[in-house]
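Every chain is numbered from 1 and lettered A, B, ... according to where its sequence line falls, protein lines coming before strand lines.
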Amino acid sequence: MIIITVLDLQQVNKKYKNQQVINNVDLRLDKPGIWALVGPNGVGKTTLLNCICNIIPTNSGKIELLGVSNKEYKVFQQISYLQDNTVLFHYLTGYDHLKYVCDIHKLPKSRIKEVAEYVGMESYLGKKVGDYSLGMKQHLLVAVAIVNKPKLLFMDEPLTGLDPSSAILMRKILLDLERQGTTIILSSHNLAEIDRVTNQIIFLKDGKLIEIDRTEHVETHYHFKLSNYELGIKVLNDSGYSIQTEDKVIKVDVKEEALDQCIQQIQNSGIAILDIQKEVSGSEKLYEEYFGKQD
Amino acid sequence: MKIIQFEWKKLWKSKAFIAILLITIALIAGLFTRNYFYQDIVKTQKMEMFREHSLNVISQVDADRDTLEEIGEGVDPILEENVELGLSLYRKLQELRAAVDAGEDLSALQLENEAYELAMQYLSKDKRYPLTEIEMQDEVKLNEELLQKELPKEDLQASIQPAVFMKQVMQLLFNTFGFFILVVIIGTPIVKEFDDHTIKLTYGLPISSHRLVLSKWLSMVLSGAIWFGLVLLAAYAVSTVLGKDLANPFEYPLYTEQMTFITMGEYVTQSIFFGLFYLILLMSFFIFLSFLLKSTLVVHIVLLILFVVNFIMTSNGVIHPIIPWSYQELGQAVILSETASWIGAVLSLVLTSILLLFAILTSKRREYR
């Protein structure tokens, strides 16, 4: 079976005047899924996405999308890039934008209605973009990005400016697309939202990319409330578990597969378990590890 | 074609293009109205001019008569001849004034020629006349052409004769000012895409650089052609419906710089031909500047400087039919010679191709601020 590399960056460099924004970056994504590109403001996330999508040129390096150079415009028949809302023409309607994109992709007009309904913007499709709210613009951008059913989708801050219901819709869209086999690379500041849609994180730091599978770094803690707090601490300490206590709750660092054994040991000591709660350390902890604690 | 449709949608929805079309129609209608009410003034001015000529002549005749009275008859036969010639010229000018007043256009032309023939003889007798011999010869030649074609003489700056009015409109609009306003209005929605970053929407789509550049250029050319066509159509329509009803208005003769004649029909045809070639070149230049400089303000400033420099050059005689940018002053360029220059058209196309090629190459460097 031939595996087509979804994204392949080789020795990619981008410099603005004296600032090296992207520094000899290598990245290869072979499997589909959702990838989050994470980094502080101004680190170069948008620049990297712009370089990948050939919106701006790189200084050196090679970029391949779905096995084809990003300089080949035809590859964008299968790729979309959701950019910030400055790309929208304020004096045109949402319909005008979608018609333009459909025309370029040679898609039937019926696709406009289809995608507008899917993202929930059919009621204001005929209004001028200048009259749209931030969330409405984001919906239009999503519609523009997915109208061609892309195999590879880049999204620059898709979760910015969304109200809770739009955020839920966006999450649904992302997961739907992932299920349909679309590979999504999204940049975002919203670490909590990222945790809800993907475990695959790419940190951008000092112009370099660090690819992380969050599941490998995840720390799962279980919070126990026991009938005998002191005895519980002794039992767990004697069994070699790493524990922390707070307000009569014992926080045990235990992996999922060892949980049953831990429960067995507590119960064998004659202690009743009153409550168990699971806590998974998210991207935020990883982010702090890489970029330091943010004030 | 789909991108052109989108570019047109942008242009129409930006409203500036509609505004320039409406202003153009209003300007043409206004000019025609002004000319219409100017007809009596033109006639009066003409009569006044010939009255001044006749007064000039009769004052010299009176002076000669006084001299004759002093020296007595038969002493100076040359002076007597001059008096006779002066009186003939004076009478001819009076007849001419009466013909102009009566609106007998063709008779007036004939009388004008006869008057100028006498005036030239009068000048040869060391007498004075308000026109030079060369000026009168030119007028005689023009009048002969008009008589041959049975067309009345028109004031080129205040006529309601369809062909002459069209020339006036073309002179008013197809010049440095008109072309600059046109290209700025048509081109701004295109270059502005770089300022507000909306170009990135298109850059993210499967469109080749050459398709992108050519589509934008073609949409500009078509929009320019629409304005160009509207000017001609509006001028023709208003002057044909409300102006002078003549059988062959486009046969009206027009002097070239080389003092040969072309007809108004030839003038209009050549203006359309070279005007369109100039639009093709101008739009490619704008597209090239847009993709190169990627800033509305900078593009407009560079364009303004080049237009002004070219205007100064053409005004100072650096104008030739084979230089494509001479057509910035279209009317001047067309009447430079009797025959149209194909070299100018071919050069326009060559330059257009080069500029578009550079624009395509520049578009591949998709850097912008």
Side-chain angles (χ1 to χ4, degrees), chain A residues 14-17 46-47 49-59 65 68 70-93 95-107 128-130 140-141 144-145 147-148 150 153-156, chain B residues 1-19 185-216 218-219 290-292 294-296 359-369:
Chain A
K14 180 66 191 174
K15 205 173 176 179
Y16 281 125
K17 291 181 183 167
T46 303
T47 300
L49 293 181
N50 281 342
C51 286
I52 291 171
C53 294
N54 196 24
I55 303 287
I56 55 173
T58 54
N59 295 109
L65 308 167
V68 180
N70 70 338
K71 302 280 186 287
E72 292 291 326
Y73 73 91
K74 281 184 182 169
V75 77
F76 289 94
Q77 283 164 348
Q78 300 178 78
I79 295 166
S80 281
Y81 180 22
L82 184 152
Q83 304 175 65
D84 59 60
N85 62 38
T86 59
V87 304
L88 300 173
F89 296 88
H90 64 91
Y91 52 89
L92 297 182
T93 64
Y95 180 87
D96 292 334
H97 285 83
L98 285 170
K99 175 148 190 322
Y100 176 52
V101 177
C102 275
D103 283 343
I104 300 298
H105 283 293
K106 298 185 177 78
L107 298 169
K128 281 186 183 173
V129 170
L140 174 60
L141 287 167
V144 164
V147 74
N148 61 326
L153 174 60
F154 296 94
M155 303 173 107
D156 190 13
Chain B
M1 197 62 202
K2 300 290 184 187
I3 308 178
I4 295 173
Q5 272 179 22
F6 186 67
E7 293 297 336
W8 272 28
K9 196 175 277 179
K10 273 164 46 193
L11 188 62
W12 288 96
K13 290 205 175 178
S14 72
K15 294 194 177 96
F17 187 56
I18 298 171
I185 285 181
I186 291 177
T188 297
I190 287 174
V191 66
K192 207 167 173 292
E193 280 194 66
F194 294 100
D195 285 332
D196 53 25
H197 290 190
T198 47
I199 190 74
K200 289 198 290 180
L201 179 74
T202 305
Y203 277 170
L205 295 171
I207 301 172
S208 63
S209 291
H210 72 266
R211 192 175 160 210
L212 177 67
V213 168
L214 291 178
S215 300
K216 286 183 182 293
L218 206 55
S219 76
S290 300
F291 277 91
L292 181 73
K294 298 177 174 67
S295 158
T296 309
I360 290 165
L361 292 173
T362 314
S363 165
K364 284 183 176 167
R365 295 189 305 110
R366 293 175 165 186
E367 189 81 70
Y368 54 89
R369 285 158 206 90

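Taking CG of A/Leu92 as the reference point, atom OG1 of B/Thr198 lies at 9.0 Å (rounded to 0.5 Å). In this structure, NZ in B/Lys10 is found 5.5 Å from OH in A/Tyr91, a value given to the nearest 0.5 Å. Interatomic distance, A/Ile55 CD1 to B/Ile199 CD1, rounded to the nearest 0.5 Å: 9.5 Å. The NE2 atom of A/His90 sits 7.0 Å away from the CG atom of B/Asp196 when rounded to the nearest 0.5 Å.
Within the 4.5 Å cutoff, the side chain of B/Phe6 has heavy atoms near those of the A/Phe89 side chain. Counting only heavy atoms from C-beta outward, the side chains of B/Ile3 and A/Ile104 approach each other to under 4.5 Å.
Residue with the most contacts toward chain A among B/Lys192, B/Arg211, B/Gln5, B/Glu193: B/Glu193 (heavy-atom pairs, distance under 4.5 Å).
Open room surrounds NZ on A/Lys128; 12 or fewer heavy atoms of other groups in view lie less than 6.0 Å from it.
Scored by the side-chain hydrogen bond (donor to acceptor under 3.5 Å, both in side chains) test, A/Ser80 finds A/Asn148 as partners (sequence neighbours excluded).
For a residue to count as touching a neighbouring chain, one of its non-hydrogen atoms must lie under 4.5 Å from one of that chain's; by this rule A/Tyr81 does not touch chain B.
Each salt bridge (Lys or Arg N to Asp or Glu O under 4.0 Å) pair with one or both residues in residues 70-89 of chain A, not counting sequence neighbours, appears once here: A/Asp84-B/Lys200.
Residues A/Tyr100 and B/Thr202 bring a donor and an acceptor atom of their side chains to less than 3.5 Å of each other.
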Go through B/Leu201 and A/Val144 one step at a time and tell me if the side-chain contact (heavy atoms from CB on, under 4.5 Å) criterion holds. CA-CA 9 Å; B/Leu201 179 74; A/Val144 164; 3.9 Å; yes
